[in-house]
Amino acid sequence: MIQPEIRPDTRTHDVLIVGGGLVGASLAIALDGLPLDVALVEATPPGELPAVFDQRNLSLAAASVSALDALGVMRKLRAPTGPIRRIHVSRAGDFGRVRLEAADYGREAFGQVVVARDFGEALEARLSALPRLTRYRPARFVGLDGDDGQARGVRLATGDGELHLRARLVVAADGTRSALRDALGIAATGHDYGQTLFVARVRGERAPDGTAWERFTDGGPTALLPRGDRAWGVVHGVPAAQASAVAALDEAAWLARIQSLFGWRAGRFVAAGERSAYPIASVVADTLVAPRAVLLGNAAQTIHPVGAQGFNLGLRDALTLAEGLRAHAADPGDASLLEGYAQRRREDRERTLAFSDGLARMTANPSPLLRPLRSLGLLAADRAGWLQAWMVGGAMGFRGDVPELCR
C-alpha cells in the first residue's frame, strides 16, 4: 500500500495527544516541563468541558490522589472531595461481608470521591496555566497521512477546514470508540455485560461518614460513594432489559429501590437528583502500541466499572508514558521506548482487567451453586489479613510497578 506523502511545510509536534478527556488532559499536564513540543486535540471549544465531565462520581485511588496532587490538579478543585475511610462489601442472597478500614493500614483514606465535572474544571484550570501547550479546539481527528520514519502525518477537522500536522508520537486518548485506534489498524475485543449503569446524587437524613458501600446482586453492582457535598453518589447496575423501567421510576420509587438494596445501614434516603444511564461493555485493544503511536486509557481498555478502577488504570497509563518520555525526550516515538512502555504496563493492565471482568461475572451469576463459594470468599476476605492487604494494595493503586508520582 502506498502511503500519502507528508507535506514538508506542515507543523511538527513532538507529542500530539488526541483526546482532551480525563486521561489525555492528565498526560498533557504530566508532560509540562519536559523539552517537548506537546499538542492536545480537543473536541469541545474553549469555555466548554467534554461530555465525560458530567455528574458521574470518580473514585480516585490513593495512588491517583498522590499523583494528581503532585501535578497540581487536586488544589484546583473548587468543591470538596469525599474521603473513603472504610469499605463495606456484601452480596444480596449470600452470607458474609468484607469490611476494610483505612486506619488499619496507617491511612486516613483509601481514596477520594470527586464529581467528574468538578474534576474537569480542575484539569482545565491546570491546562490553561501551561504556557507551552498547543491546544487544537474544537478539532476532531479524521485520519492519518502516512509515516516517513520520523513522524506521522495527522489530519484534523476544524471549523476552518482540514488541518494537516506531523507528530513524532501520536497518542490515542480518544475514548472507547477511538477513531485513532481504528486508523492505526489496531483491533479490539468487546464484551457486552447486558447491564445498564444508573448514576445519581442521593441525599440522606445522615451525611456520609466516609464509608463506601458496595452491594452485589444478580442484576449487577450497586455502590454508595461518600461525596464531599454531604450527599451520596449512587452507582446502580441493572439488567439491560430493565433499564427502561428503572429510568421511568419517579423519585420516590427510585429512592425506595436503592433503600431496599442497602437497608438502613446508611440511614434513610430522602431526595435524589437527576439520573444518567450508561450501557456497560468492555473494549480491550489487542496491542498498546504501533509505529510512533500509543494507546492510553479507554482507547486501550474500557473495563467494567465494578471496583472503580477504570480511570485509575488510565491515569497510570499516562504517568508511565510520561516517565518514559522523560528518559527519551530526544525521540518520543522511539520504538524501544514504546515497547518498554507496553512491557511495563502489561502486568498492571492484565491484572486489573482480570479482576474487573472476573468480579463482574462472578457476582452477577445467579447460579445457586456459586452462592456458598462466594459466601466463603467473603468470609475469608474479611478475616484473612494477608488477603485484605492484597486487596487494599490493589484498591489504592500501589501494587506492582506503579509510576513514581503515585508513590
Checklist entry - Measuring from Ile29:CD1 to Leu68:CG, what's the distance to the nearest 0.5 Å? => result 8.0 Å

Checklist entry - What is the minimum heavy-atom distance between Val170 and Val154, and which atoms define it? => result CG2-CG2, 3.9 Å

Next on the checklist: Evaluate Arg91 against Asp218 for salt bridge (Lys or Arg N to Asp or Glu O under 4.0 Å), listing each step before the verdict.
Outcome noted: CA-CA 9 Å; Arg91 189 187 186 281; Asp218 291 349; 2.4 Å; yes

Checklist entry - Between NE2 of His191 and NE2 of His304, what distance do you get to the nearest 0.5 Å? => result 8.5 Å

Next on the checklist: Could you tell me if the side chain of Gln259 sits less than 4.5 Å from the side chain of Trp264, heavy atoms only?
Outcome noted: yes

Next on the checklist: I'd like to know if the side chain of Asp401 reaches the main chain of Arg344, judged simply by a donor and an acceptor atom lying under 3.5 Å from each other, with no hydrogens or angles considered.
Outcome noted: no

Next on the checklist: Looking at Glu339, I want to see if its CD is surrounded by more than 12 non-hydrogen atoms of other residues, nucleotides or ligands under 6.0 Å.
Outcome noted: yes

Checklist entry - With a 4.5 Å limit on heavy-atom distance, are the side chains of Arg126 and Leu130 in contact? => result yes

Next on the checklist: Would you say the ring centers of Phe311 and Phe119 fall short of 6.0 Å from each other?
Outcome noted: yes

Item to check | Within 6.0 angstrom of Arg117 CZ, more than 12 heavy atoms from elsewhere | outcome: no

Checklist entry - Are any non-hydrogen side-chain atoms of Leu165 and Thr12 less than 4.5 angstrom apart? => result no

Checklist entry - Yes or no on side chain to side chain contact (heavy atoms under 4.5 Å, CB included) for Gln309 and Asn312, after CA distance, side-chain angles and deciding distance? => result CA-CA 5 Å; Gln309 289 300 305; Asn312 294 294; 4.2 Å; yes

Checklist entry - Going through the checks in order, is the salt bridge (Lys or Arg N to Asp or Glu O under 4.0 Å) test met by Arg292 and Asp148? => result CA-CA 10 Å; Arg292 295 201 171 272; Asp148 64 3; over 6 Å; no

Checklist entry - Looking at Tyr278, does the NZ or CZ of Arg56 lie under 6.0 angstrom from its six-membered ring centre and within 45 degrees of the ring axis? => result yes

Item to check | For the student: nearest non-hydrogen atoms of Leu40 and Gly19, plus distance | outcome: CD1-O, 3.5 Å

Item to check | Considering all heavy atoms, the nearest Gly204-Trp232 contact | outcome: N-CD1, 4.4 Å

Item to check | Residue pair Glu124, Arg78: steps toward the salt bridge (Lys or Arg N to Asp or Glu O under 4.0 Å) verdict | outcome: CA-CA 12 Å; Glu124 174 58 34; Arg78 294 187 294 179; over 6 Å; no

Checklist entry - Atom CG in Leu16, atom CG in Leu169: separation rounded to 0.5 Å? => result 9.0 Å

Next on the checklist: As a quick check of understanding, evaluate side chain to side chain contact (heavy atoms under 4.5 Å, CB included) for Glu108 and Arg85, giving each step before the final call.
Outcome noted: CA-CA 6 Å; Glu108 181 182 347; Arg85 297 191 174 94; 4.1 Å; yes

Next on the checklist: Take a 6.0 Å sphere around CD of Gln242 and say whether it holds more than 12 heavy atoms from other residues, nucleotides or ligands.
Outcome noted: yes

Checklist entry - Do the side chain of Thr352 and the main chain of Asp348 share a donor and acceptor less than 3.5 angstrom apart? => result yes

Item to check | Counterpart residues, ring pair (Phe, Tyr, Trp, His ring centres under 6.0 Å), relative to Phe53 (two or more places apart) | outcome: none

Item to check | CD/Glu162: more than 12 non-hydrogen atoms of other groups inside 6.0 Å | outcome: yes

Next on the checklist: Using side-chain heavy atoms (C-beta onward) and a distance below 4.5 Å, is Leu321 in contact with Arg345?
Outcome noted: no

Checklist entry - Could you give the distance from CG (Asp174) to CD1 (Ile17), rounded to the nearest 0.5 Å? => result 12.0 Å

Item to check | Parallel, tilted or perpendicular: ring planes of Phe198 versus His236, cut at 30 and 60 degrees | outcome: tilted

Checklist entry - Are the side chain of Ser276 and the backbone N or O of Val199 linked by a donor-acceptor pair below 3.5 Å? => result no

Item to check | Set of residues satisfying ring pair (Phe, Tyr, Trp, His ring centres under 6.0 Å) with respect to His13, sequence neighbours excluded | outcome: Tyr136

Checklist entry - Is any side-chain heavy atom of Leu133 less than 4.5 Å from a side-chain heavy atom of Asp32? => result no

Item to check | Closest approach of Ala200 to Asn57 (non-hydrogen atoms, all atoms of both residues) | outcome: O-ND2, 4.3 Å

Next on the checklist: Using a 3.5 Å distance criterion without hydrogens, assess whether the side chain of Arg349 forms a donor-acceptor pair with backbone atoms of Ala300.
Outcome noted: yes

Next on the checklist: Within the 4.5 Å heavy-atom criterion, are Pro403 and Thr320 side-chain neighbours or not?
Outcome noted: yes

Next on the checklist: Tell me if the CZ atom of Arg275 is crowded by more than 12 foreign heavy atoms within 6.0 Å.
Outcome noted: yes

Checklist entry - More than 12 foreign heavy atoms under 6.0 Å from CG of Asp160: is that the case here? => result no

Next on the checklist: For the CZ atom on Arg265, are there more than 12 heavy atoms of other groups (residues, nucleotides or ligands in this structure) within a distance under 6.0 Å?
Outcome noted: yes

Next on the checklist: Before you tell me yes or no, could you show the steps for Arg135 and Glu42 under side chain to side chain contact (heavy atoms under 4.5 Å, CB included), namely the whole-Å CA-CA distance, both residues' side-chain angles and the distance that decides it to 0.1 Å?
Outcome noted: CA-CA 7 Å; Arg135 304 179 72 177; Glu42 304 169 76; 2.8 Å; yes

Checklist entry - For Trp213 and Thr222, what are the C-alpha separation, side-chain angles and deciding distance, and is it a side chain to side chain contact (heavy atoms under 4.5 Å, CB included)? => result CA-CA 8 Å; Trp213 304 89; Thr222 298; over 6 Å; no

Item to check | Approximate separation, where rounding is to 0.5 Å, of Leu405 CG and Asp69 CG | outcome: 10.5 Å

Next on the checklist: I need the minimum non-hydrogen distance between Ala116 and Asp54, along with the two atoms involved.
Outcome noted: CB-O, 3.4 Å

Next on the checklist: Given Pro226, which partner from the list Thr81, Thr211, Val113 fulfils the side chain to side chain contact (heavy atoms under 4.5 Å, CB included) test?
Outcome noted: Val113

Checklist entry - At their closest point, which heavy atom of Leu60 faces which heavy atom of Met74, and how far apart are they? => result CD1-SD, 4.3 Å

Checklist entry - Does a side-chain heavy-atom distance below 4.5 Å link Arg152 with Pro291? => result yes

Checklist entry - Judged by atom type as modelled, is there a donor-acceptor pair below 3.5 Å linking the side chain of Arg203 to the main-chain atoms of Arg230? => result no

Next on the checklist: With a 3.5 Å distance limit and no angle check, can you tell me whether Arg155 reaches the backbone of Leu144 through a side-chain donor-acceptor pair?
Outcome noted: yes

Checklist entry - Any donor and acceptor pair, going by atom type alone, linking the side chain of Arg168 with main-chain N or O of Ala330 inside 3.5 Å? => result yes

Item to check | Criterion side chain to side chain donor-acceptor pair (under 3.5 Å) on Thr134 and Arg11, from CA distance to verdict | outcome: CA-CA 11 Å; Thr134 301; Arg11 179 171 179 181; 3.3 Å; yes

Item to check | Reported CG-to-CG distance for the pair Leu58 and Leu22, which is rounded to 0.5 angstrom | outcome: 6.0 Å

Next on the checklist: For Lys76, is there an ion pair with Asp118 - N to carboxylate O distance below 4.0 angstrom?
Outcome noted: no

Next on the checklist: Within the 4.5 Å heavy-atom criterion, are Leu288 and Gln301 side-chain neighbours or not?
Outcome noted: yes

